[in-house]
Amino acid sequence: MPELPEVETTRRGLAPHVEGRRITGVVLRRPDLRWPIPREVAELLPGQRIEQVRRRAKYLLLDTQAGSALLHLGMSGSLRVLPAATPVKAHDHVDIELDDGSRRVLRFTDPRRFGCLLWQPPGATHELLRDLGPEPLSDAFGGDYLFALSRGRKAPVKTFLMDQKIVVGVGNIYAAEALFEAGISPLRAAGKVSRDRYALLAAAVKRILAYAIERGGTTLRDYINPDGQPGYFELELSAYGRGGEPCPRCGRALKQAAIGQRATVWCPHCQK
DNA sequence: AGTGCCACCTGTGGGC
DNA sequence: TGCCCACAGGTGGCAC
């Protein structure tokens with residue numbers, strides 16, 4: 001899936017095509033995503049105008065006066081704006097039809113169905129958004145913040161960094177990249193990383209996420225942005241997916257192992 | 001409270 | 001060519 005840069009790239013690609021448009025209909029072909037799509041989506045969205053497309057963590061929100069559609073792309077989800085006549089393919093679960101004079105639809109596709117489409121009433125905050133940590137690119141996130149929250153934690157720093165209650169948006173790819181850049185072993189207990197090194201890690205997270213957004217996200221297998229274009233960050237990944245290859249810094253073999261059930265790549269020589 | 005592990009589901013790529 | 005297995009960008013929920 002999409003980590004934060006891919007979701008943000010999706011948001012940016014979508015916004016100009018859907019903001020200000022009125023929804024003329026909602027087609028639910030396969031409502032059994034991670035959770036059932038609630039009835040409000042089909043009952044309240046038609047007739048509404050999409051005022052704004054927002055992102056919080058890896059969630060997207062389509063705001064209307066009646067409430068907000070809350071989307072998560074899971075591991076394999078994508079959103080695209082297409083001509084209404086575009087043939088429907090397998091795993092095209094939802095169409096949100098737009099009246100913009102050119103008959104287009106916002107189509108939600110998700111082969112694995114780990115994603116979701118939920119509903120947030122006006123003024124409410126959905127339960128799933130309630131306990132999320134700060135946005136990594138905001139001033140609320142930084143080295144001192146990580147240092148403070150990590151004291152006493154025995155879990156590996158990589159697991160800690162990927163915990164959305166600590167900070168949102170950092171998934172398996174960017175956690176590996178940020179730890180590589182900061183020179184921190186992903187296996188190190190979160191509570192044993194110094195304040196100075198957390199400053200390096202936070203800076204690496206910010207730099208890498210911002211750069212990945214700028215480059216249109218990372219493409220692995222099937223990620224595409226709403227315009228149907230792949231991201232371009234993959235060729236620039238230093239660690240993720242490069243187990244056994246030479247470390248870009250020291251040339252020794254990168255190691256690969258599972259940490260918290262997720263494949264992790266790092267350089268045992270450069271990352272301590 | 002923190003941690004580790006499983007589950008959800010489909011597609012793909014590698015090894016045989 | 002075909003079969004089988006391992007693995008994939010996430011994260012809620014559970015047992016300890």
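Letters A, B, ... mirror the listed sequences (proteins, then strands); counts begin at 1. We use all heavy atoms of the structure for the numbers below, so side chains are in, but hydrogens, waters and symmetry mates are not.
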Worksheet item: If you check every side-chain atom of A:Tyr240, which of C:dG10, C:dA8, B:dG11 has the closest atom?
Response: C:dA8
Practice prompt. For the pair A:Asp95 and A:Arg107, find out whether any cationic side-chain nitrogen is under 4.0 Å from an anionic carboxylate oxygen.
Written response: yes
Discussion item. Side chain of A:Tyr59, heavy atoms from C-beta onward: which of C:dG10, B:dT3, C:dG12 has the nearest atom to it?
Written reply: C:dG12
Worksheet item: From the list B:dC8, C:dA8, C:dT11, which nucleotide is the closest neighbour of the side chain of A:His72?
Response: C:dT11
Discussion item. Quick check on B:dT3: is either OP1 or OP2 less than 4.0 Å from any side-chain nitrogen or oxygen of A:Arg153?
Written reply: yes
Discussion item. Looking only at the side chain of A:Ala155 (C-beta and beyond, no hydrogens), which of the listed nucleotides B:dT3, B:dC9, B:dG11 gets closest?
Written reply: B:dT3
Item to complete: Select one nucleotide: of C:dT11, B:dG11, B:dC8, the one nearest the side-chain heavy atoms of A:Pro111.
Response: B:dG11
Practice prompt. Answer with base, sugar-phosphate or nothing: what part of the nucleic acid does A:Arg113 contact at a heavy-atom distance below 4.0 Å?
Written response: sugar-phosphate
Worksheet entry | Interatomic distance, A:Arg262 CZ vs B:dC5 P [rounded to whole Å] | 14 Å
Worksheet entry | 5'-most by nearest nucleotide on DNA chain B - A:Lys154 or A:Arg112 | A:Lys154
Worksheet entry | Spacing of the P atoms in B:dC6 and C:dA6 (rounded, Å) | 14 Å
Worksheet item: So does A:Asp92 pair up with A:Arg29, basic N to acidic O under 4.0 Å?
Response: no
Item to complete: Give one of base, sugar-phosphate or nothing for A:Ala263, where a contact means two heavy atoms less than 4.0 Å apart.
Response: sugar-phosphate
Worksheet entry | salt bridge (Lys or Arg N to Asp or Glu O under 4.0 Å) pairs, two or more places apart, involving residues 167-187 of chain A | A:Glu181-A:Arg207
Discussion item. Is there a side-chain contact between A:His91 and the phosphate of B:dC9, meaning an N or O under 4.0 Å from OP1 or OP2?
Written reply: no
Worksheet, complete the sentence: A:Phe160 CZ to B:dT3 P, in whole Å, measures 9 Å
Item to complete: Provide, to the nearest angstrom, the distance between the CD atom belonging to A:Glu6 and the C1' atom belonging to C:dA8.
Response: 14 Å
Worksheet entry | Identified salt bridge (Lys or Arg N to Asp or Glu O under 4.0 Å) partner of A:Glu135 from the options A:Lys206, A:Arg54, A:Arg56 | A:Arg56
Worksheet item: Within 45° of the axis and under 6.0 Å from the centre of the six-membered ring of A:Phe147, does NZ or CZ of A:Arg151 qualify?
Response: yes
Worksheet item: In whole Å, what is the span from the CG atom of A:Leu60 to the P atom of C:dG10?
Response: 15 Å
Response to the item:
Writing each nucleotide of DNA chain B 5' to 3' as (, ), [, ], | or . by Watson-Crick or G-U pairing under 3.5 Å yields .|||||||.|||||||
Fill in: Where at least one partner belongs to residues 113-129 of chain A, residue pairs that pass salt bridge (Lys or Arg N to Asp or Glu O under 4.0 Å), sequence neighbours excluded
A:Asp32-A:Arg113
Worksheet item: When the distance from CD of A:Gln256 to P of C:dA6 is rounded to whole Å, what number comes out?
Response: 15 Å
Worksheet entry | Most 5' of A:Gln261 and A:Leu149 on DNA chain B, judged by nearest nucleotide | A:Leu149
Worksheet, complete the sentence: When rounded to whole Å, the CG to C1' distance for the pair A:Asp131 and C:dT11 reads 13 Å
Item to complete: Could you state the atom-to-atom distance from NZ of A:Lys165 to C1' of C:dG10 in whole Å?
Response: 13 Å
Item to complete: Mark this stacking check for A:Phe114 against B:dC8 as yes or no, applying ring centres under 5.5 Å and ring planes under 30°.
Response: yes
Discussion item. Between A:Asp99 and A:Arg21, is the side chain to side chain contact (heavy atoms under 4.5 Å, CB included) condition met? List the steps.
Written reply: CA-CA 6 Å; A:Asp99 175 21; A:Arg21 303 279 75 82; over 6 Å; no
Response to the item:
Rounded to whole Å, the CE-C1' distance (A:Met75 to B:dT12) equals 13 Å
Item to complete: Verify whether one side chain among A:Thr264 and A:Lys158 offers a donor that lies under 3.5 Å from an acceptor in the other.
Response: yes
